[in-house]
Amino acid sequence: MNRRHLAAMSAASTRELLRDRKTFFYAGLMPFCMLGLFLGSAALLPAEAAGDRIRFFLATGLFVALASVAFWGVAVPLVALRERGTLRLLSTTPVSRLTVLLAQTPTRLALAIAQAAVIAALSAGLGHLPTERLGSLLVTCLAGLALLTPIGFVLGALLPTAEAVSNTLTFLLLALLGSAGLFLPLDQMPGCVAETLGVLPPGLLGGTIQHDLTGVPAGHPAWLAWLAAVGTGLLLTLIAVRTFRWDDGDR
Amino acid sequence: MTAAVQVDGLVKRYGAVTAVDGLDLTIEPGAVFGLLGPNGAGKTTTMETLVGMRRPTAGTIRVFGHDPVTERAAVNRIVAVQPQQAALFAHLTVAETLLLWAALYDRPAAASDVLHAVGLVASRDVPVRRLSGGQERRLLVGTALIARPRLLVLDEPSLGLDPNARADLWAAVRDFGRGGGTVLLSTNSMDEAEALCDRVAIVAGGRVVARGTPAELVARHGRRAPAEPRGRPGLDDVFRNLTGGPLTERQNREELG
């Protein structure tokens, strides 16, 4: 891969994300709106139940933040570029498919880390996050992005319109939250469902996020969740590069 | 010497529709070559197939000896394209767009030179989404020029441009040609073809029906019917005689927006 191409495309992608208010809102600000709603609803509960619910929603908020950056920050812009014909034009230049995909990463990474830092600060302020877990939380966030961003790559590679992406992402986010045990806790699901979801990459990631962010015990070591997330992410990236289309026209 | 473009028996079908039907073409290095033809004649499909944007159904294509199907990366390094339909990054400025494209090539032209060439100096800090259609088309040509390619492919480059912008564009294409570059452009403007092209091919029904210098074609096919207005025959007459469909001044104006 050509580093000059990657640097130039990354800079362009950063400018596009920061200047496109709609995409920036969905990728950067919407997770905080959702977190605010979650925490607001938890605050209405009796004090003894509110504590647990707030810890749960903090983890949900972090997962939503990572997923929003990966989905709305990656898939939607990619499909919009294809719809407008920009990718078609780029296909006539020496830039590669992998470069186009990876160029989306640096800004999204910075945005996700910034969001995670805010949520981590909130958790620390509530007394759920001691400093010694910060390192592990950072790795978990990176692993989460390694899993979720390639899902954005695949959707960006395959879906035909920004509208289709938007509809798909809303459903997918709910499905992933469910399978990560961050919509309904896994221990409140039927046993076989919880066991199955608990060993899948989103389930492993969800458990590790809850542990690292709020101290809820996870049923597995963190490294297992990291490994599963990175491995799945690499596989999905490979699929995205293979299936990536420059345009919708006949080839 | 290797031809800049060598196309033999090119066929391109979209389902039951044959867009290009056994087209042959040779373009020598350093030529400014015009592809003329009525709408739907297969010009755009030919150009897009030639640069690897579409796969041919049959036939062979070589661009400076490279096959655009199997050696697309090599073709992309030496060919720059201004497609008829494409859009640039909406939130980048004109200057940022040119600098981005410059970074994609090994020996790009200076962005300031290209800004002058396409007449966008005053708009250098304007975001692409705020450009008019004509300005965006000029910027598209600019992204092709900044690559300093061996082959510049322009698909109806002056469509929608005002006369001043068109004159700037013609000057830029002439400069590129004088620098030794090869140009393939499609156009429905016979003025443009006569002003810019060393050689032209007229395409109808997906085939080349005539080729030569503009003067040769006028000499061969430029006769006028007795009822038509008197005057020196031009490529308009050639076009009309060979494609069977008159390109009236009104249609020409519509094509040019």
Side-chain angles (χ1 to χ4, degrees), chain A residues 1-28 73 76-100 102-104 106-107 161-162 241 244-251, chain B residues 12-15 17 19 44-45 47-57 68-69 72-93 96-106 108 127-129 136 139-140 143-144 146-147 149 151-153 155:
Chain A
M1 187 172 30
N2 186 311
R3 286 183 190 175
R4 192 180 71 234
H5 292 179
L6 184 60
M9 290 297 295
S10 297
S13 172
T14 300
R15 291 184 174 117
E16 286 281 294
L17 180 68
L18 297 180
R19 293 172 188 173
D20 181 349
R21 289 179 192 168
K22 189 176 167 191
T23 301
F24 186 76
F25 170 77
Y26 280 108
V76 172
L78 273 177
V79 172
L81 288 177
R82 184 183 298 108
E83 270 192 297
R84 291 206 305 265
T86 312
L87 291 183
R88 192 164 187 266
L89 184 62
L90 283 171
S91 79
T92 67
T93 72
V95 76
S96 70
R97 298 172 189 202
L98 185 60
T99 302
V100 172
L102 292 185
Q104 310 286 315
T107 319
T161 64
V241 172
F244 184 85
R245 289 173 297 116
W246 293 106
D247 65 36
D248 291 322
D250 166 77
R251 297 279 302 133
Chain B
K12 177 64 187 175
R13 293 193 190 97
Y14 302 103
V17 177
T44 294
T45 299
M47 295 176 108
E48 291 184 350
T49 310
L50 203 144
V51 299
M53 292 169 80
R54 298 187 186 279
R55 287 174 185 272
T57 307
V69 176
R72 189 158 183 206
V75 170
N76 283 350
R77 281 194 291 273
I78 57 174
V79 178
V81 185
Q82 171 255 308
Q84 196 179 124
Q85 289 177 328
L88 295 156
F89 289 95
H91 298 276
L92 298 189
T93 66
E96 287 167 349
T97 301
L98 288 176
L99 290 173
L100 168 62
W101 251 258
L104 303 182
Y105 294 90
D106 290 333
V128 167
R129 69 182 191 282
E136 187 166 0
L139 183 56
L140 275 170
T143 61
I146 205 162
L151 173 64
L152 179 64
V153 178
D155 195 355

*For the candidates A:S91, A:A11, A:S96, A:G85, which exhibits the highest count of non-hydrogen atom pairs separated by less than 4.5 Å from chain B?*
A:S91
*asked:* Please classify the contact between B:E48 and chain A as side chain, backbone, both or neither, with a heavy-atom cut-off of under 4.5 Å.
replied: side chain
*asked:* Looking at every heavy atom in both B:V51 and B:V75, which two are closest together, and how far apart are they?
replied: O-CG1, 4.3 Å
*asked:* Can you give me the closest heavy-atom contact between A:T92 and B:R72, atom names plus distance?
replied: N-NH2, 4.2 Å
*Report the residues that fulfil side-chain contact (heavy atoms from CB on, under 4.5 Å) with B:D155, sequence neighbours left out, ordered by chain and then residue number.*
B:T44, B:M47, B:Q84, B:S186
*With only heavy atoms counted, which part of B:V79 is less than 4.5 Å from chain A, the side chain, the backbone, both or neither?*
backbone
*Determine, for A:F244 and A:R82, whether the Lys NZ or Arg CZ falls below 6.0 Å from the six-membered ring centre while staying within 45 degrees of the axis.*
yes
*Could you tell me which portion of B:A74 (side chain, backbone, both or neither) has an atom closer than 4.5 angstrom to a non-hydrogen atom of chain A?*
neither
*Shortest non-hydrogen contact from B:I146 to B:L98?*
CD1-O, 3.3 Å
*Option in B:L99, B:T97, B:D106 with maximal non-hydrogen atom pairs under 4.5 Å from chain A*: B:D106
*If you tally heavy-atom pairs under 4.5 Å against chain A, which of B:L104, B:T49, B:V81, B:L100 wins?*
B:L104
